[in-house]
There are 2 protein chains.
Amino acid sequence: MKPGGTYLKGVAKREEILKKALDVIGREGIRGASVKEIADAVHLSPAGILHHFGTKEELFTEILRKRDELDQELFTDGAPAEQSALAYLNLTQRNAQVPGLIELFSEMAVKAADPQHPAHNFFVKRGVETRAGFEEAIRVLQESGRLQLHSDPAMLARVIQAVSDGLQMQWLLDPSVDMAAIMTALFEDCLGGSISELHDA
Amino acid sequence: MKPGGTYLKGVAKREEILKKALDVIGREGIRGASVKEIADAVHLSPAGILHHFGTKEELFTEILRKRDELDQELFTDGAPAEQSALAYLNLTQRNAQVPGLIELFSEMAVKAADPQHPAHNFFVKRGVETRAGFEEAIRVLQESGRLQLHSDPAMLARVIQAVSDGLQMQWLLDPSVDMAAIMTALFEDCLGGSISELHDA
DNA sequence: GTCTATACACAGATAGAC
DNA sequence: GTCTATCTGTGTATAGAC
């Protein structure tokens, strides 16, 4: 809304804050998830940060959004529907390397249950999109006969999302849980043993 | 550790606090989950509460434990292994009536990822026990031929737990999600369509 | 052993100066 | 756009009354 220079500087500053925040939280875990910690990391005061984002919860909502954005560029962009399941598995495996962000995501997901929470719409939309991807992949696999299970794709999509989220919680409690291995085994044993055909990445 | 009267009074007071706390949180949701709110509900000062429990996190750990205890009396006590899956479904359906407690549980589950958190061992133990119940039920069903799927019971138990936790998160975000229906459909479609045989409660 | 009163530490939010 | 100062709320620690 403002002429070039100033506006762009504001956006750039926001980006810088968000990137540094992802960094700090990834490294320090949820302990690094206070306004003050992030402020220190970008050499600003807490008030300076909140000038850009309004409130703490809005700041953290933007952090989540930013991570999704970065993830999407790396993994799922432009992949055909059939491969979205695989892309998701890759994502899962990679995310498992950054416990702090998973903690943040899980914590925010709970808080966002409140319709008034700034992240509420983000999580609703994210869930819808995630399941739509699964649904389409399932449909394609069913129609091509590579998936013998003929259950309602919408329901299966919900289940897959649930398994993914649920395994993350188990993994937070005990990092020795191999999420990707369980997901893969599940696809192969229950869904018709054909997801491995997609493996080429 | 102390002679009768006094000791019992202490225990009784703790029980009273825990019961009231479950009440308040169930009614007011996570907003009622501050030491002050609970203190008000039992007509005590915050310090009075903490005298009995030490810290806030320990208090809330005991609250979780208390709820499990009450749940167990109501549903799973004495049920044969084969029916534990059904008992769990019943529990799921009943819990869905008390959003505040599910929020509390989910939030604590995330915080308990930290091995130093007072609820860490509670959640670890709870997970082990939950999965052990599923595992035995699965084994029985497999051996009696009522479950055609021959995947590793331990892995399947993890998946079922994950679906259950994951669906709760979806439900928190959108209460129109019918957790029990999805769980039931999942058992019937993927696990061999035999869980309904157990339905008699 | 039980609890109140009080003091303290800290986080997030807000107002106003620069 | 950023800081300092301030206010509020919330959890925690301690002293001492009963």
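Order of the sequence lines fixes the chain letters, A, B, ..., with proteins taken first and strands second; residue numbering starts at 1 for each chain.
Rounded to an integer number of Å, the gap from CD of B/E57 to P of D/dT12 is 7 Å. Per the geometry, CD1 belonging to B/I49 stands 14 Å off C1' belonging to D/dT10, to the nearest Å. Across the protein-nucleic acid pair, B/H51 atom NE2 and D/dG11 atom C1' stand 18 Å apart, rounded to whole Å. C/dA5 atom C1' lies 13 Å from atom CG of B/L44, rounded to whole Å. Distance, B/F60 CZ to D/dT12 P: 10 Å, rounded to whole Å. Rounded to whole Å, the distance from NZ on A/K56 to P on C/dC10 is 16 Å. Per the geometry, CZ belonging to B/R14 stands 13 Å off P belonging to C/dG1, to the nearest Å. Residue A/R31 contributes atom CZ, which lies 16 Å from atom C1' of C/dC10 at whole-angstrom precision.
Which of D/dG11, C/dG12, C/dA13 sits closest to the side chain of A/V35 comes down to C/dG12. Side-chain proximity of A/S34 to the nucleotides C/dA5, D/dT12, C/dG12 is greatest for C/dG12.
Salt-bridge annotation for B/R14 and B/E62: present, with a side-chain N of the basic residue lying under 4.0 Å from a carboxylate O of the acidic one. Between B/K19 and B/E16 no salt bridge is recorded (no basic side-chain N to carboxylate O distance below 4.0 Å). With respect to A/K125 and A/E129, a salt bridge is recorded, a charged nitrogen being found less than 4.0 Å from a carboxylate O.
Side chain of A/S164 to backbone of A/I160: no donor-acceptor contact under 3.5 angstrom is found.
For C/dC3, the OP1/OP2 oxygens have no side-chain nitrogen or oxygen of B/S45 closer than 4.0 Å. Between C/dA11 and A/K36, no contact under 4.0 Å exists linking OP1 or OP2 to a side-chain N or O. For A/H52 and D/dT2, the shortest distance from a side-chain N or O to OP1 or OP2 is below 4.0 Å.
B/L50 comes within 4.0 angstrom of a base, heavy atoms only.
Using a 4.5 Å heavy-atom cutoff, the side chains of B/E103 and A/K111 are not in contact.
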